[in-house]
Structure formats: structure tokens, C-alpha cells
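Lettering follows sequence order; numbering is per chain, from 1.
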2 protein chains.
Amino acid sequence: MAIDRFNILKKFFKKHRRLPSYSEMLSLFGFASKNAVFKLINRWVDEGFIKKYNKKLSPTPKFFALPLVGIIKAGFPILAEENKSYLTLDDYLIENPAFSFLLKVNGDSLIGIGIFEGDIVIIEQKKEAKNGDIVLAQIDNEWTLKILKKDRINRNIYLQAANPKYPNFFPQQELNIHGIVKAVIRKIN
Amino acid sequence: MAIDRFNILKKFFKKHRRLPSYSEMLSLFGFASKNAVFKLINRWVDEGFIKKYNKKLSPTPKFFALPLVGIIKAGFPILAEENKSYLTLDDYLIENPAFSFLLKVNGDSLIGIGIFEGDIVIIEQKKEAKNGDIVLAQIDNEWTLKILKKDRINRNIYLQAANPKYPNFFPQQELNIHGIVKAVIRKIN
DNA sequence: TGACAAAGTGAACAAATGTTTACTATAATC
DNA sequence: GATTATAGTAAACATTTGTTCACTTTGTCA
């Protein structure tokens with residue numbers, strides 16, 4: 001019932017990317033009085049799904065978040081209420097939206113670390129990377145996604161695949177780092 | 001300049017999960033007249049970043065979206081304007097929020113298909129799955145994440161790991177499907 | 001059954017909303 | 001240098017906003 005209305009609200013947000021106003025909620029929820037909406041919203045505010053700021057409503061992280069359930073343990077019901085936290089994907093994955101972009105992976109050079117053809121990686125643009133970072137780089141004018149290897153004093157820099165069938169790549173002229181991989185995403189089906 | 005203001009707007013949305021009102025934008029952008037805001041917003045509406053519905057503002061997918069760049073090709077600048085599309089992660093990954101939850105993977109039984117310990121998988125709750133689906137299942141009262149194997153007539157059902165060191169799992173009494181994996185997410189670092 | 005809280009109605013209200021119109025300053029273009 | 005578009009100011013406006021108050025209906029449970 002109440003959760004039914006909350007789903008209606010979620011659907012509205014998914015469609016319009018904003019919360020409805022009180023009068024829009026009138027028809028959404030089938031109320032006749034704005035006061036009914038007022039009381040309903042205040043309950044959700046108390047429960048932490050919605051926040052008020054400057055007399056305007058905004059959803060909290062809890063509003064969007066999916067339950068994150070814990071480790072699978074043999075014989076244990078894992079969906080128990082007590083060990084669940086919440087996670088919002090966009091916030092979780094992208095810390096720096098202004099400097100991030102997505103890259104669709106092609107090739108099998110990183111399968112050893114679980115990055116497959118067709119996967120999407122989140123790249124954060126930066127020119128510096130440390131040993132072991134997965135970098136989007138330009139090596140001798142060729143673009144590639146590889147593991148950066150270098151020692152402490154920045155000598156002996158090269159790129160490494162995570163697939164035994166590829167050799168290491170030593171730059172002949174130059175090696176420019178354009179960004180590093182912050183996350184990997186794979187949609188199944 | 002204009003892009004600078006757009007970033008201010010994005011930051012506001014990231015913080016409050018809603019667009020600011022015109023009077024809030026006054027101080028945000030440093031304008032003295034609401035008409036300046038009005039004109040600015042209308043430009044963004046024309047450019048497709050913002051929509052108006054019921055005289056209220058909402059961000060479009062383009063507002064959030066990160067550029068998705070194409071395949072890496074040797075020697076080619078991949079960030080070219082022409083082959084870029086946009087993607088919003090939440091929308092892309094989660095089709096059915098009401099029936100989805102996240103599960104933190106433990107164990108190495110699926111490394112063969114690139115699902116590692118610590119990865120987060122998006123599970124869509126359903127009781128039926130088809131051959132080859134990665135399922136969250138209860139086999140003889142033990143919870144597990146495995147690949148479902150079955151033939152066309154629903155005989156010979158068992159669970160399979162994607163790691164040669166594990167055998168196949170044939171249910172002694174029962175096998176209950178609780179959901180299937182729709183996406184895999186890995187944060188790096 | 002009666003008492004009491006929860007849920008909804010209806011009307012009223014100040015404050016804030018997005019929009020419009022008229023005007024000015026700044027920058028760009030021929 | 002005159003012209004014209006662009007960017008911003010200022011004030012006024014009808015609508016809509018979220019909130020409040022008083023009241024009624026519905027459901028719960030002792």
C-alpha cells in the first residue's frame with residue numbers, strides 16, 4: 001500500500017528525473033486533498049527517503065539505492081534486513097563526472113584481469129598513473145588500453161597486457177597517459 | 001564560460017539530486033535578474049540538456065550522461081566528436097529497480113567468466129532462468145552464485161562453476177532459482 | 001462497543017514559482 | 001562607425017507552491 005505509492009513515486013522519478021509537486025501527486029496517488037500528500041511526504045522524510053531543503057523536495061541516496069546484500073554463506077538467508085546497506089551506482093562508480101568518460105573495450109588483451117571485449121570501462125582523465133594502473137595510453141601514436149608498468153624512479157616504463165599471447169610494449173618514441181580505468185561494467189545478455 | 005555554469009548546475013544536482021529553482025540559480029550563477037536565468041535555461045532546453053514539463057524543469061538523459069567513445073583503433077584519435085554517444089549508468093544497468101538488488105561476490109568460482117571476488121553483481125529477482133544464465137540459487141538449502149545448466153525439457157538440471165577446480169553441482173533434493181545476474185560491476189582501487 | 005489513533009477532506013494563505021515586458025550595456029559584424 | 005545581435009537588469013504578474021487549521025472517515029484493538 002504505502003510501498004505501492006512509493007513505487008509510483010519512483011516510476012515518476014525514473015520517467016521525469018525529478019520529484020512531482022504536491023498537486024501532481026494528487027492525481028498520481030489519487031488523493032483529493034493536498035494535506036494527504038503533505039502527511040505522506042512527511043512520513044517519507046522521517047523514514048529518510050526524501051529531504052526538504054529551501055521548502056523543496058529532493059530524494060536522498062536511500063531513495064534510489066538498491067539493497068546491497070552481503071556475502072553468500074552456506075545455508076544462510078542472505079537477504080536478511082540486518083546486513084544490508086544501500087548503494088547508488090552512479091555515485092558509487094563515478095567520482096569525478098566532469099573528467100570521466102566511458103570506453104567500450106575491444107580486444108582480449110586484458111582478459112587475465114577480467115576485462116573482456118564489449119565491456120565498458122570508466123576512464124578518469126589524467127596524465128599521471130602509477131605502477132599497476134590500467135591506463136588508456138598512446139604508445140608511439142597508437143591508442144591502447146593496457147597495464148602500466150614502471151619502477152620507482154620512472155625508468156623502464158612499458159605497457160603490459162593481461163593475456164599471455166601478447167608481449168610487453170616498450171615505447172620507441174613516446175608514451176602518453178590519457179586516463180586510468182576506475183571501474184569495469186559488463187551487462188549480461 | 002557557459003560550460004562553467006553548466007558544471008555549477010551539475011554540481012548542484014549531484015549534491016541535492018534536483019535542479020535548483022530560478023531564484024536559487026540567481027545566487028548560483030551570480031545573476032541579478034531572473035530573466036537572465038530564464039534565457040540561460042531556455043538555451044539549455046534548446047540544446048537538449050533540460051526539459052520543461054508542467055512548467056517545471058527536469059534534466060534529460062543528456063544532462064547526466066557520460067560520453068561513450070568507441071573502439072580503440074591504432075593511431076586514431078578516439079575522442080572524436082562524431083562517434084560519441086551517451087550513457088547513463090543507472091538507466092543502462094538497472095532495467096527493473098523494484099525487483100533488483102546488488103550482491104557482493106565472494107569466492108572464485110566464476111573467474112572463468114570474469115566475475116571476481118569483491119565484484120558487485122546486479123541481480124534481478126525471478127524464479128525462472130534459462131540454460132547458461134548466471135543464477136543466484138539455493139541448492140539443497142545452500143546459497144550460491146553459479147551458471148545454470150539444463151536441457152530443453154528441463155531435465156538434467158545442475159549448477160556449473162566457471163573455474164576448473166570446482167565440480168558441477170547436482171541438486172540432491174531441490175534447486176531454487178532466486179534471481180539472475182544482469183550486470184557485473186568492478187571498482188578499481 | 002467504545003476509545004483512540006491513523007488517514008483523508010476541504011478551504012484558506014503567505015511565499016515562491018516561472019514568465020513576460022521594457023529597457024540598458026556589452027560585444028560582434030558588416 | 002553605425003548596426004545588430006547577445007547578455008544582463010528591473011519590475012510586475014498570474015499561478016502554483018508547500019503549509020496550516022479544523023473537521024470527518026476509517027480502521028485497530030482493548
* To do: Any chance you could lay out the side chain to side chain contact (heavy atoms under 4.5 Å, CB included) test for K165(A) and D108(A), step after step, and finish with the verdict?
  => CA-CA 10 Å; K165(A) 82 182 196 195; D108(A) 58 356; 2.9 Å; yes
* Establish, for the pair R17(A) and F63(B), whether the NZ or CZ atom is under 6.0 angstrom from the six-membered ring centre and no further than 45 degrees off its axis. =>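 So R17(A) doesn't make the cation-pi contact.
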* Asked: Does NZ or CZ of K126(A) lie under 6.0 Å from the centre of the six-membered ring of F99(A), at an angle within 45° of the ring axis?
  -> no
Considering only heavy atoms and no angle criterion, is a donor-acceptor pair shorter than 3.5 Å present between the side chain of [X] and the base of [N]?
X: S23(B); N: dA16(C); answer: no
X: K39(B); N: dG8(D); answer: yes
X: K56(A); N: dG18(D); answer: no

Length of the line joining [X]:[atom1] and [N]:[atom2], which is rounded to integer Å:
X: W44(B); N: dG18(C); atom1: CH2; atom2: P; result: 14 Å
X: K34(B); N: dT16(D); atom1: NZ; atom2: P; result: 15 Å
X: K55(A); N: dA15(C); atom1: NZ; atom2: P; result: 9 Å
X: L57(B); N: dT17(D); atom1: CG; atom2: P; result: 13 Å
X: E24(A); N: dG18(C); atom1: CD; atom2: C1'; result: 14 Å
X: F29(A); N: dT9(C); atom1: CZ; atom2: P; result: 13 Å
X: F38(B); N: dC13(D); atom1: CZ; atom2: P; result: 18 Å
X: L26(B); N: dA16(C); atom1: CG; atom2: P; result: 13 Å

Phosphate OP1/OP2 of [N] contacted by [X] side-chain N/O (<4.0 Å):
X: Y22(A); N: dT19(D); answer: yes
X: R5(B); N: dG8(D); answer: yes
X: R43(B); N: dT6(D); answer: no

* F49(A) with Y22(A), same ILVMFWY side-chain cluster at under 4.5 Å -> yes
* Using a strict cut-off of less than 4.0 Å between a Lys/Arg side-chain nitrogen and an Asp/Glu carboxylate oxygen, indicate whether D46(A) and R43(A) qualify as a salt bridge. =>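 So D46(A) does not pair with R43(A) through a salt bridge.
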* Asked: Relative to the 5' end of DNA chain D, which residue comes earlier, S33(B) or N54(B), by the nucleotide with the nearest heavy atom?
  ->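 By nearest-heavy-atom nucleotide position, the 5'-most residue is S33(B).
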* To do: Tell me, with the steps shown, if K52(A) and N42(A) meet side chain to side chain donor-acceptor pair (under 3.5 Å).
  => CA-CA 9 Å; K52(A) 290 188 188 183; N42(A) 280 349; 2.8 Å; yes
* Of all the choices, dA7(D), dG8(C), dT9(D), which nucleotide is nearest to the side chain of F31(A) once you look at every atom? -> dG8(C)
* To do: Quickly, which of N163(A), V184(A), I147(A) forms a side-chain contact (heavy atoms from CB on, under 4.5 Å) with L110(A)? Name it, please.
  =>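 Going through N163(A), V184(A), I147(A) one by one, the side-chain contact (heavy atoms from CB on, under 4.5 Å) with L110(A) is satisfied by I147(A) alone.
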Using a heavy-atom cut-off of under 4.0 Å over every strand shown, decide if [X] touches base, sugar-phosphate, or nothing.
X: N35(B); value: base
X: A36(A); value: base
X: K52(A); value: sugar-phosphate

* Structure fact -> Angle separating the five-pair end axes of the helix from dT1(C)-dA30(D) to dC30(C)-dG1(D), nearest 10°, is 40°
* Let me see the working for Y166(A) and K146(A) under side chain to side chain contact (heavy atoms under 4.5 Å, CB included), right down to the final yes or no. => CA-CA 11 Å; Y166(A) 294 103; K146(A) 295 278 184 319; 5.6 Å; no
